[in-house]
Amino acid sequence: MISFTLNGKTVHAEQDETLFDIAQREGLSLPHLCSGYHTHNKADGNCRLCVVEVEGERTLSASCKRTVHDGMKVHTHSERVTKSRKMIMELLLADHPEHNQSPDPNAHFWQMADEVGIQTSRFSPRPTLEPDFTHPALAVNLNACIQCTNCIRACQDLQSNDVLGMFGRGARSTIAFDQNDPVFDSTCVACGECIQSCPTGALLPRDPQTGDAVTASNSLKRVDSLCPFCGVGCQLTYHVRDNRLIRVDGRDGPANEEKLCVKGRFGFDYIHHPQRLTKPLIRKEGAPKEQMDPANPLSHFREATWDEALEKAANGFKSFKGPELAGFGSAKGSNEEAYLFQKLIRTGFGTNNVDHCTRLCHASSVAALMEGIGSAAVSAPFMDALKSDVIIVIGARPAQNHPVAATYIKKAVKQGAKLIVMDPRRQALSRFADHMVQFKSGADVALLNAMIHTIIDENLVDEEYIKTYTQDFEKLRSRIQSFSPEDMAPVCGIAPNEIRKIARLYAGAKRALIFWGMGVSQHVHGTDNARCLIALALITGQIGRDGTGLHPLRGQNNVQGASDAGLIPMVYPNYQAVGDKTIHDRFADFWQAELDPDPGLTVVEIIHAIQARQIKSMYIMGENPAMSDPDTTNTRKALASLDHLVVQDIFLTETAMYGDVVLPASAFPEKTGTFTNTNRQVQLGRQAVDPPGDAKQDLWIICEIANRLGLNWSYDHVRDVYREMASVMNSLNAITWERLETENSLTYPNDQAVLFRNGFPTETGKGRIVPTDLIPPDEVPDTDYPFVLTTGRMLEHWHTGAMTRRAGVLDQIEALPVACLNPKEMKKRDIEAGDIITVSTRRGTVDIHARPDRDVPPGMVFIPFCFKEAAANLLTNPKLDPYGKIPEVKTCAAKVEKT
């Protein structure tokens with residue numbers, strides 16, 4: 001600590017603190033346009049409004065850059081400072097339209113003009129520029145730009161997208177996208193960070209409905225909540241007018257630090273789409289399920305009252321016995337909804353046939369993690385990438401699927417960390433990678449075991465850690481002898497020297513962290529893939545410390561929380577085994593119900609059981625298996641054959657079209673509840689608007705059905721459900737509803753960001769190393785089907801597209817279904833960009849537009865699974881991993897033909 005004088009008052013401060021931060025702490029207001037406007041954007045001293053006077057110094061200092069030293073005397077509002085600020089503000093005003101012509105009359109810029117006391121300028125304005133409205137999300141009017149460069153630093157430093165820069169010289173210099181390209185033609189990914197950093201209104205979001213620029217007006221209601229999309233769990237603020245979402249800004253949450261991606265910032269208007277369900281629907285007598293009219297699906301339904309619809313739903317369920325019933329819950333809903341849904345299926349239906357999309361996401365990862373280390377939770381948050389020396393990303397595309405999490409990886413690389421990207425396709429992170437390991441599809445085990453072989457063969461293991469914290473290492477040492485890099489190179493397509501390099505890099509790091517996604521999990525050997533990753537961490541001791549560990553990136557916004565809450569057929573809340581009699585009896589007593597003692601069926605198994613006429617009635621809440629399940633032709637036939645199907649959703653999805661009763665539910669911004677992100681951070685989402693028409697809160701609907709089944713539930717508020725849920729989940733012991741209301745984000749268990757520092761929650765306290773063997777994909781290319789088909793997500797769309805395809809901005813950016821092929825492959829087959837091609841597998845055929853993509857290797861075709869017009873899952877393979885019961889949707893044999 002040092003002492004200095006601030007406006008005649010003695011102040012104590014840390015030596016590296018800036019005068020701006022100290023002044024704010026002391027309650028002094030300093031005008032500013034760059035420093036302090038965006039909390040996490042670094043100060044650059046550009047605007048010069050925050051200057052202060054230091055006695056004895058010839059020039060004024062930018063307080064945002066100037067640190068303190070002992071004994072200095074500082075004046076924040078001296079005559080000299082005030083005069084300088086007025087001149088600076090007047091010069092800035094010369095480069096800005098008059099107040100009544102400003103793109104944003106309420107901008108921070110004008111607030112600072114008021115604080116300085118200057119509203120007009122004597123100086124000549126610079127030449128005017130044409131506004132750029134080419135992008136559906138961004139309104140760019142550089143006539144209001146003062147070149148503070150906040151946007152450039154936000155783009156380069158916070159998001160690491162490196163799109164924005166300066167173009168031209170002198171008075172003609174401007175902020176530019178790439179090489180001064182129109183925004184829509186540039187490489188801009190529309191994260192909107194530049195908008196949030198702009199203090200003048202030169203960069204503004206556009207209203208998805210009208211296309212007009214939207215200012216952050218004080219007349220708008222602000223509601224702090226969460227993003228409804230991926231598992232990152234970004235905190236945000238909704239701006240609301242007349243029960244309509246107008247704008248979204250990032251909030252300073254622990255997972256996003258004000259950052260958002262294109263979906264979080266611009267994908268909110270789906271809730272106002274005219275296709276929202278607003279009244280309960282009942283299928284008309286005799287309306288066939290097999291012959292739906294896609295152009296007018298509502299023609300098969302009639303509107304009903306809530307009483308009629310709920311009675312029909314409940315009476316239908318009563319007509320069947322426990323094993324004949326099943327339920328799919330939602331990872332898009334809250335923890336409380338997931339808890340009550342699985343409780344309803346278990347106590348009201350009398351079965352454990354309840355599952356959700358984790359079965360199609362990370363079921364194999366969960367199986368391997370529970371087997372190996374006794375916990376399916378991530379061992380460290382993705383922000384720990386900033387503490388790592390080496391980062392492995394395998395089978396995941398964070399820049400597309402978890403863009404805000406990717407910012408921490410990119411920043412880590414800029415700070416000196418080494419990045420190893422391992423995937424059959426290249427990706428946006430490839431340009432940051434020290435090693436882009438583009439292996440053959442389905443050859444994960446061969447590559448990973450060759451790395452393990454190298455680490456053991458070259459004695460790069462952490463012997464002390466192995467001895468203290470692991471078991472079965474000798475089994476691995478024995479089995480791994482047949483997996484040398486030389487032997488595995490032909491299998492995985494990576495040279496032995498490259499395999500050895502990345503193995504040495506990982507094992508030799510002080511701190512190394514592994515991220516993986518569905519490219520690892522969605523295989524018949526997905527559990528083995530995860531077992532290899534666990535073994536890598538255990539034999540090198542790269543777990544249980546800051547900057548180390550295992551992080552399976554969760555795909556949906558609450559897939560972690562829904563799994564924690566028991567929306568899984570073989571476990572109750574908190575992963576307590578259904579088959580354990582003590583646990584079974586405890587829940588039966590707590591819920592005062594007779595419970596099925598046997599584990600239930602998983603997602604794909606339920607579909608098979610429908611086809612076998614074992615399951616005859618289903619309750620599906622917020623899931624869309626008619627789009628998300630593999631081999632969806634069979635799934636759709638199964639749904640059509642059900643005697644009774646109740647679907648609860650916000651749109652008439654492809655699944656809801658097969659419903660006998662369709663219940664209009666609440667969208668994310670229309671409800672309050674807790675959600676758990678991929679970092680194990682429990683956060684509170686708050687209701688911002690009311691559901692449309694007669695649509696109801698999901699919790700209300702679940703409770704109404706439960707009570708019509710005789711369960712007599714009574715919950716006055718969502719907090720009551722949370723408290724019941726927390727009482728059976730030890731992981732939530734320290735996380736009360738009241739804490740969440742004030743602290744917004746709490747990590748379980750016990751606020752521990754990093755787990756397993758002193759062992760694992762297993763019977764022995766040690767991690768179990770499980771050796772693996774080579775298992776090829778269920779289907780490999782052959783003469784009839786010479787391509788590998790892989791599926792996944794794209795940046796602008798999410799999951800089955802039910803929400804994002806109805807978000808105006810997102811659907812304008814990516815409006816048409818595409819199949820991505822290597823340009824050389826397209827040239828070889830005389831296919832031009834935009835041509836309609838036919839992609840076929842042994843299960844189906846889709847016609848789709850071709851898109852050249854150098855990230856896709858020759859011999860592969862990639863199709864996003866969000867487009868109902870060309871549903872990728874009509875083609876995918878339902879073959880299951882024997883352990884995780886997850887289908888192999890990441891690889892199958894296909895053929896591509898020009899139509």
Answer with yes or no whether the side chains of [Y] and [X] bring together a donor and an acceptor at under 3.5 Å.
X: Glu623; Y: His356; value: no
X: His797; Y: Thr804; value: yes
X: Asp881; Y: Thr527; value: yes
X: Gln611; Y: Ser641; value: no
X: Asn873; Y: Thr876; value: yes
X: Tyr715; Y: Glu724; value: yes

Could you give the distance from [atom1] ([X]) to [atom2] ([Y]), rounded to the nearest 0.5 Å?
X: Leu663; Y: Ile620; atom1: CG; atom2: CD1; result: 12.0 Å
X: Met657; Y: Asn624; atom1: CE; atom2: CG; result: 9.0 Å
X: Ile345; Y: Met621; atom1: CD1; atom2: CE; result: 11.0 Å
X: Tyr270; Y: Phe268; atom1: OH; atom2: CZ; result: 11.0 Å
X: Met570; Y: Gln576; atom1: CE; atom2: CD; result: 15.0 Å
X: Ser840; Y: Asp847; atom1: OG; atom2: CG; result: 8.0 Å

Practice prompt. Give a yes or no answer on whether the side chain of Asn353 reaches the backbone of Gly600 with a donor-acceptor pair at less than 3.5 Å.
Written response: no

Practice prompt. Look only at the side chain of Thr672 and the backbone of Gln687, and say whether a donor-acceptor pair between them is shorter than 3.5 Å.
Written response: yes

Worksheet item: Which atom pair, heavy atoms only, marks the closest approach of Asp596 to Asn352?
Response: O-ND2, 2.9 Å

Discussion item. Under the criterion side chain to side chain donor-acceptor pair (under 3.5 Å), I'd like the reasoning laid out for Asn558 against Asn335: C-alpha separation, chi angles, the key distance, then a yes or no.
Written reply: CA-CA 7 Å; Asn558 201 39; Asn335 290 327; 3.0 Å; yes

Strictly by salt bridge (Lys or Arg N to Asp or Glu O under 4.0 Å), give each pair with a member in [range] just once, sequence neighbours left out.
range: residues 790-810; value: Arg805-Asp811, Arg805-Glu869
range: residues 672-695; value: Lys279-Asp694
range: residues 658-676; value: Arg276-Glu670, Lys289-Asp660, Glu337-Lys671, Lys671-Asp698

Practice prompt. Please assess Glu324 against Lys616 for the test salt bridge (charged side-chain N to carboxylate O under 4.0 Å, His left out), listing each intermediate value before the final yes or no.
Written response: CA-CA 5 Å; Glu324 297 175 319; Lys616 300 175 183 178; 3.4 Å; yes

Worksheet item: Should the pair His717 and Trp737 be assigned to parallel (<30°), tilted (30 to 60°) or perpendicular (>60°) ring geometry?
Response: perpendicular

Discussion item. Students often mix this up, so state it plainly: with edges at 30° and 60°, are the rings of His584 and Tyr572 parallel, tilted or perpendicular?
Written reply: tilted

Item to complete: Using a 4.5 Å cut-off on heavy atoms from C-beta on, say whether the side chain of Phe266 contacts that of Val248.
Response: no

Could you tell me whether [X] and [Y] have their ring centroids closer than 6.0 angstrom?
X: Phe349; Y: Phe320; value: no
X: Phe328; Y: Tyr619; value: no
X: Trp700; Y: Trp306; value: yes

Worksheet item: Picking from Arg554, Gln681, His362, what satisfies side chain to side chain contact (heavy atoms under 4.5 Å, CB included) with Gln560?
Response: Arg554

